[in-house]
**Student:** 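Below are the structure tokens for one structure; questions will follow.
Remember, predicted model here, so these are calculated numbers, not experimental data.
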Amino acid sequence: MSLVSVGVASAIYGLMTSQKGIMNRIDAGEFTGALARSMTEKMSCSSYLNGTPTPADWTPLTIPNYRGYGGSGGALGPGTVLGGTAANPTMWVQNMQWRMKPGIPAETVVVDGEPKARTIMQVRIELNTREAGRVSPLPAREVEFVVLRNAANQVSDCEGTPSMEDACKALGTTYDPATASCLPGKEECIMRGTYINSYCNSTPCQATSKSPPRTNEYTGNYTCPSGSNPVTTFDYTWTSNEQVGKKSFRQVQNTIKAYICLQCPE
């Protein structure tokens, strides 16, 4: 009976620990989502960051007077214990850094006669929790938003959510206002879906069971959209012996071909 009691108690403790871990991860997602929303809202982002230098490399970030989910109105930065979260107060910011997104050049805009550098910023957050008496790191999360930098390389305002043009730049493509879509640059290609052809010269067919045919999500069939071309990524043919009666077999040729559709500049 003692062994049974110990086993039941261990099972209950394990279940409680597992549930607590799940709640901690939900909490971490809620906190990161709230921080992302505050950074992509012009008013709150500007109140937190105006006057803050914008680094080119990952640099510790502290946000004063943070009142979002998990915040207490004090400074939010590395080492901050998060209060007011749903699960418990045993979650803290292990590391919070930010930088200008590399590879994306700033765009000069003029605001009230003053030139500003329109820049995409990244914030990386690493959270730790205490579960079952031990510290458990959670996966790092990242948030992106747009700021305007002044001549002193400081945030002078926030723009909020990156525009479609910003998203195209982040992909290394060019924004086309006529179609409101991203177009490949002079040396880049963009993917326009994939599809798989699998077939046999007789049945039963191993190819279709191992890799069922799949149409291109853009065209609904086994073709590429206009302006793009198929590139073979997998092409394999083999022969299998398939039973067709109690004592009869026949050879079946199986083929699987996979394609990626690429739209490249002329």
**Student:** Say whether, by atom type as modelled, one donor and one acceptor occur between the side chain of T119 and the main chain of A106 under 3.5 angstrom.
**Tutor:** no
**Student:** A side-chain contact here means heavy atoms from C-beta on lying under 4.5 Å apart; do T223 and N216 qualify?
**Tutor:** no
**Student:** Please name the pair of heavy atoms, one in P78 and one in T62, separated by the smallest distance, quoted to 0.1 Å.
**Tutor:** CD-OG1, 4.2 Å
**Student:** Closer than 3.5 angstrom, by distance alone: can the side chain of S240 be matched with the main-chain N or O of E242 as a donor-acceptor pair?
**Tutor:** no
**Student:** Closest approach of K116 and L148, non-hydrogen atoms and distance?
**Tutor:** CB-CB, 4.1 Å
**Student:** Judged by atom type as modelled, is there a donor-acceptor pair below 3.5 Å linking the side chain of N254 to the main-chain atoms of V252?
**Tutor:** yes
**Student:** For the side chain of N201 and the backbone of Q253, is there at least one donor-acceptor N/O pair under 3.5 Å apart?
**Tutor:**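 Here the side-chain-to-backbone pair exists.
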**Student:** Is a side-chain donor or acceptor of T59 paired with a backbone partner of D57 at a separation under 3.5 angstrom?
**Tutor:**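 Answer holds: yes.
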**Student:** Does N153 offer a backbone N or O that forms a donor-acceptor pair with the side chain of T54 under 3.5 Å?
**Tutor:**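 Checked: pair present.
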**Student:** Report yes if the side chains of V135 and T129 come closer than 4.5 Å at any heavy-atom pair, otherwise no.
**Tutor:**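 The answer is no, as the side chains (C-beta and beyond) never meet within the 4.5 Å cut-off.
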**Student:** Determine whether P213 and T208 make a side-chain contact, defined as any pair of heavy atoms from C-beta on separated by less than 4.5 Å.
**Tutor:**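 Yes - at least one pair of side-chain heavy atoms lies under 4.5 Å apart.
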**Student:** Show every ring pair (Phe, Tyr, Trp, His ring centres under 6.0 Å) that has at least one partner inside residues 192-234, sequence neighbours left out.
**Tutor:** Y195-Y259
**Student:** Compare all side-chain heavy atoms of Q251 with those of N241 and state whether any distance is below 4.5 angstrom.
**Tutor:**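 Touching, per the 4.5 Å side-chain cut-off.
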**Student:** Quick one: are N95 and W58 in side-chain contact, heavy atoms under 4.5 Å?
**Tutor:** no
**Student:** Check whether R250 reaches the backbone of T203 with its side chain - one donor and one acceptor, N or O, closer than 3.5 Å.
**Tutor:** yes
**Student:** Sort and list the pairs that fulfil ring pair (Phe, Tyr, Trp, His ring centres under 6.0 Å) and have at least one residue in residues 32-51, not counting sequence neighbours.
**Tutor:**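 Sorted pair list: Y48-Y66.
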**Student:** For N197, which residues count as a side chain to side chain donor-acceptor pair (under 3.5 Å) partner, sequence neighbours excluded?
**Tutor:**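 Residues passing side chain to side chain donor-acceptor pair (under 3.5 Å) with N197: none at all.
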**Student:** Does L35 form a side-chain contact (heavy atoms from CB on, under 4.5 Å) with M96? I'd like the steps, not just the answer.
**Tutor:** CA-CA 12 Å; L35 179 63; M96 188 164 75; 4.3 Å; yes
**Student:** I'd like to know if the side chain of K42 reaches the main chain of C158, judged simply by a donor and an acceptor atom lying under 3.5 Å from each other, with no hydrogens or angles considered.
**Tutor:** yes
**Student:** Test side-chain hydrogen bond (donor to acceptor under 3.5 Å, both in side chains) on S44 and R37 and set out the steps.
**Tutor:** CA-CA 9 Å; S44 60; R37 287 191 294 274; over 6 Å; no
**Student:** Quick one: does S198's side chain have a donor or acceptor within less than 3.5 Å of a partner on S211's backbone?
**Tutor:** yes
**Student:** What are the two closest heavy atoms between L127 and I125, and how far apart are they?
**Tutor:**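 Heavy atoms only, the tightest pair is CD2-CG2, 3.8 Å.
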**Student:** Could you point out which residue of T52, I63, V143 forms a side chain to side chain contact (heavy atoms under 4.5 Å, CB included) with W98?
**Tutor:** T52
**Student:** From R149 CZ over to M121 CE, what is the distance, rounded to the nearest 0.5 angstrom?
**Tutor:** 8.0 Å
**Student:** Answer with yes or no whether the hydrophobic clustering places L61 together with M39; edges join I, L, V, M, F, W, Y residues whose side-chain heavy atoms lie under 4.5 Å apart.
**Tutor:** yes
**Student:** Please determine whether side-chain hydrogen bond (donor to acceptor under 3.5 Å, both in side chains) holds for the pair D157 and S46, giving the CA-CA distance in whole Å, both sets of side-chain angles, and the decisive distance to 0.1 Å.
**Tutor:** CA-CA 5 Å; D157 204 353; S46 298; 2.7 Å; yes
**Student:** Working note: T255 + T237, criterion side-chain hydrogen bond (donor to acceptor under 3.5 Å, both in side chains); need CA distance, chi angles, decisive distance, verdict.
**Tutor:** CA-CA 4 Å; T255 302; T237 299; 3.3 Å; yes
